[in-house]
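What follows is a set of notes on a single structure, which appears directly below.
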Protein chains: 2
Amino acid sequence: MSAAAPAPRPARATIADVAKAAGVSKATVSRFLNHRERLLSPDIAARVEAAVAQLAYTPSPMAQALSHGRSRLIGLIVADITNPYSVAVLRGAEKACQDAGYLVMLFNLGNDIDREREAINALAGYQVDGFILNTLGRGAGLVDADALHGKPAVLVDRRHAGMHTDFVSLDNAAAMKSACSHLVDGGYRELLYITEPLKGVSSRRERTAAFGDCVTAHEPRVAGEVYESTGDDGDGLDAALRALHKRAKRGKRAAVLAGNAVVTLRVAAAMARLGLRFGEDIGFVGFDDPEWAPLIGPGLSAIAQPTEEIGRTAATCLLERLRGLEGPARQLLLPGELVVRGSSGGG
Amino acid sequence: MSAAAPAPRPARATIADVAKAAGVSKATVSRFLNHRERLLSPDIAARVEAAVAQLAYTPSPMAQALSHGRSRLIGLIVADITNPYSVAVLRGAEKACQDAGYLVMLFNLGNDIDREREAINALAGYQVDGFILNTLGRGAGLVDADALHGKPAVLVDRRHAGMHTDFVSLDNAAAMKSACSHLVDGGYRELLYITEPLKGVSSRRERTAAFGDCVTAHEPRVAGEVYESTGDDGDGLDAALRALHKRAKRGKRAAVLAGNAVVTLRVAAAMARLGLRFGEDIGFVGFDDPEWAPLIGPGLSAIAQPTEEIGRTAATCLLERLRGLEGPARQLLLPGELVVRGSSGGG
DNA sequence: TTGTAAGCGTTATCAG
DNA sequence: CTGATAACGCTTACAA
């Protein structure tokens, strides 16, 4: 035996290697792998199978994508990966995709609206088969249909004006209604809904509108206001809460509704600053049910979103479209669940 | 004008289209794009440039990957995307990668150890240029060097036994030391460190070992114990805390240290169950500083990890290797920061 | 049933 | 400086 050069790196086996090992053509190997239905002579099939196993051959998805046009890749664009809601959705979607043999390519916008197009183009470059979009949904970044390069997409949580695509989200109206009813039933009469700036974000607008409807439905017994909180408006928020508390003192019990977990955090901080106690001084219910909700004060009541299911549903929608499903854009609104804790309990 | 057939979909322009439009060869276009340094005649350059702009041409990363062998893709494997720590790291890494022109392919293990290999193979299939690994780091899944298909990798937070790769993490020993010193200085004498089951996870072991060292350093003035909490051991945890509290009553102040945010959550729940108050009945410091830490009781003291920087550093390490940096595996330990709040304040 | 050969969109080698 | 041409790994008509 001659001293073999130290094999550099036994590069991944290619289809050609398999073909040679099995003594057949590349085409045959390819057929064995893809069109299992059309029988090949058992003899050859066995030889190919053996060669594949022996060489631990795995097709290169890149080459397949280039040739066949399909990448088994799904592009997932997320407005802000810092947001636990987005992550929870991502998790559900990613799992469903993996289970279906797709890989997820993630693009995080970091709340930078200008990157929306960039993200789509980058992902489209990798020939993703479809998109799951949880984008900003406002302003100029608006993804129009043909920016998608003709690929199917699903919108999560935020709709875009003129887009003809499937849409998956919490049933905001129903969720808000159950929260309001709960508070009103509990004797709360002064309601304050605190939301992040609407800015044309569909989910925020829907929740705010639903809040208005709920209040209207109970007027004049119940009064409601909306406050848009920006995150650097500590004073404004404090003032709004103080005013609410004052109204409560005049005999009406008052409660805050928070539009999402971020706002909940701000409200909790403000309440601490003001020395107000959840449940006792002011009632509280928030959208989103983070793991820490039970641990703040007497426990925060919350509307739990089926985040994981939302993600899974979005992925499923997309996968169906990829399998060729035609038909008009669908709207899937999933129900939230009100979790009652001390902050809105009897008192 | 003849009625043009409704152009089906003006498929992305290819390099051939550009070449034709500019009246040059594909090779020339490719050179114009990649080897800008080697001048081409200004005339041709201008023509190509115009054609590229006119057709809005973008190279196909897939084809580039196939041909040139580089994908500009980074594979990021995360043990559990539900874990905010992982997400924070991911965020930092993803940003650094994007800034360097790389895209991140995400694979979430969902804590399923068996998928470690699967993940690497899937990612390797897409020709990722390198890996960032925040994996389970225990048991059989152990990623060995050649499973990586010869591609560079960086380990985050958890080391693997025999792997010769860069490693980025919190400086666990120093962080633990500062936490312990803080508690001892504050008069706490009975310390209980609660960690998730060690199971050979390097970061957990390092922290536990450092805790032991700290206690030893202060003996016999200070006593310390370790409790491994599994998540379904509510009773055990309660008992451990009750025992600690009892020791506190005998005149020595007692404090809990939590090994990460998950444990912190468990401890907070247990304290609530037992009617114990942070800071007053039992002192507390936890690893990780989640956004809700200031809102639990009098505020939870915490060791804030520079998560985003850890992610960024990991990405940077990897990118350097991709640029050809040689040399031995590096270890980057980043300092944590102790944030003191009410749970370990004077009192 | 199986093999041959022509792409898919790039890059790289090698002549001119 | 520029243009053919051969890879890269795979799929898929088209032949045999």
Side-chain angles (χ1 to χ4, degrees), chain A residues 9-49 51-52 55-73 121 124-129 149, chain B residues 9-49 51-52 55-73 121 124-129 149:
Chain A
R9 189 158 278 289
R12 278 168 54 109
T14 77
I15 200 174
D17 300 328
V18 177
K20 190 160 26 150
V24 300
S25 74
K26 293 193 299 176
T28 301
V29 177
S30 176
R31 276 190 291 254
F32 172 78
L33 263 22
N34 304 313
H35 306 285
R36 223 123 178 170
E37 65 280 15
R38 224 176 300 174
L39 318 271
L40 358 185
S41 61
D43 165 39
I44 296 237
R47 262 159 49 205
V48 173
E49 184 158 25
V52 165
L55 279 66
Y57 167 73
T58 323
S60 152
M62 286 264 171
Q64 294 189 140
L66 192 60
S67 165
H68 179 264
R70 280 189 185 141
S71 64
R72 310 234 81 176
L73 241 33
N121 287 332
Y126 283 98
Q127 303 273 44
V128 296
D129 292 340
H149 302 270
Chain B
R9 188 159 280 289
R12 279 169 52 110
T14 78
I15 200 172
D17 300 328
V18 176
K20 188 158 32 151
V24 300
S25 75
K26 294 193 299 177
T28 301
V29 178
S30 178
R31 275 191 292 256
F32 171 78
L33 264 20
N34 304 315
H35 305 287
R36 223 122 179 169
E37 64 281 13
R38 224 177 300 172
L39 316 277
L40 357 185
S41 62
D43 166 37
I44 296 234
R47 265 165 39 211
V48 173
E49 183 157 26
V52 166
L55 278 67
Y57 166 73
T58 324
S60 152
M62 285 265 175
Q64 294 187 142
L66 190 60
S67 166
H68 178 264
R70 283 195 180 134
S71 64
R72 309 236 80 177
L73 241 31
N121 287 332
Y126 283 98
Q127 302 273 44
V128 295
D129 292 340
H149 302 269

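Bear in mind that the values here come from a model prediction, so they are computed numbers and not experimental data. Reminder, nothing fancy here: chain letters follow the sequence lines and each chain counts from 1.
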Inset, instruction - Find which nucleotide of DNA chain D each of A/Pro61 and B/Lys26 is nearest to by heavy atoms, and output the residue with the more 5' nucleotide. - result: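 Its nucleotide being nearer the 5' end, the pick is B/Lys26.
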
Inset, instruction - Please tell me which of A/Ala16 and B/Arg31 maps to the more 5' nucleotide of DNA chain D, matching each residue to the nucleotide holding its nearest heavy atom. - result: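 Taking each residue's closest nucleotide, the earlier one in sequence belongs to B/Arg31.
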
For [Y], is there any backbone N or O sitting under 3.5 Å from a side-chain donor or acceptor partner on [X]?
X: B/Asn34; Y: B/Arg31; value: no
X: B/Ser71; Y: B/Gln127; value: yes
X: B/Arg47; Y: B/Ala22; value: yes

Listed nucleotide nearest any side-chain atom of [X], set [options]:
X: A/Leu66; options: D/dA4, C/dT10, D/dG9; answer: D/dG9
X: A/Tyr57; options: D/dC10, C/dT10, D/dG3; answer: D/dC10
X: B/Val24; options: C/dT10, C/dG3, D/dG3; answer: D/dG3
X: B/His68; options: C/dT10, C/dT11, D/dC1; answer: C/dT11
X: A/Ala27; options: C/dT10, D/dT12, D/dC10; answer: D/dT12
X: A/Pro59; options: D/dA7, D/dC10, D/dA4; answer: D/dC10

Between [X] and [Y], is any pair of side-chain heavy atoms under 4.5 Å apart?
X: A/Leu73; Y: A/Asp129; result: no
X: A/Ile15; Y: A/Pro59; result: no
X: B/Ile44; Y: B/Phe32; result: no
X: B/Arg72; Y: B/Pro61; result: no
X: A/Glu49; Y: A/Val52; result: no

With a 4.0 Å cutoff (strictly under), does any side-chain N or O of [X] reach OP1 or OP2 of [N]?
X: B/His35; N: C/dA12; result: yes
X: A/Asn34; N: D/dT11; result: yes
X: A/Ser25; N: C/dG3; result: yes
X: A/Ser67; N: D/dG9; result: no
X: B/Ser41; N: D/dC1; result: no
X: A/Gln64; N: D/dG9; result: no

Contact class for [X] vs. all strands (heavy atom < 4.0 Å): base, sugar-phosphate, or nothing?
X: A/Val29; value: nothing
X: B/Phe32; value: nothing
X: A/Leu40; value: sugar-phosphate

Between [X] ([atom1]) and [N] ([atom2]), how many Å, whole number?
X: B/Leu33; N: C/dA12; atom1: CG; atom2: C1'; value: 15 Å
X: B/Ile15; N: D/dT5; atom1: CD1; atom2: C1'; value: 14 Å
X: B/Asp17; N: C/dC8; atom1: CG; atom2: C1'; value: 13 Å
X: B/Arg70; N: D/dC8; atom1: CZ; atom2: C1'; value: 15 Å
X: B/Leu55; N: C/dG9; atom1: CG; atom2: P; value: 13 Å
X: A/Gln127; N: C/dG9; atom1: CD; atom2: P; value: 8 Å
X: B/Met62; N: D/dC10; atom1: CE; atom2: C1'; value: 13 Å

Inset, instruction - Enter the inter-axis angle for the ends of the helix from C/dT1-D/dA16 to C/dG16-D/dC1 (five pairs per end, rounded to 10°). - result: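 Comparing the axis at each end, I get an angle of 50°.
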
Legend entry - A/His149 and A/Asn121: side chain donor to acceptor below 3.5 Å: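 A/Asn121 and A/His149 do have a side-chain donor-acceptor pair below 3.5 Å.
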
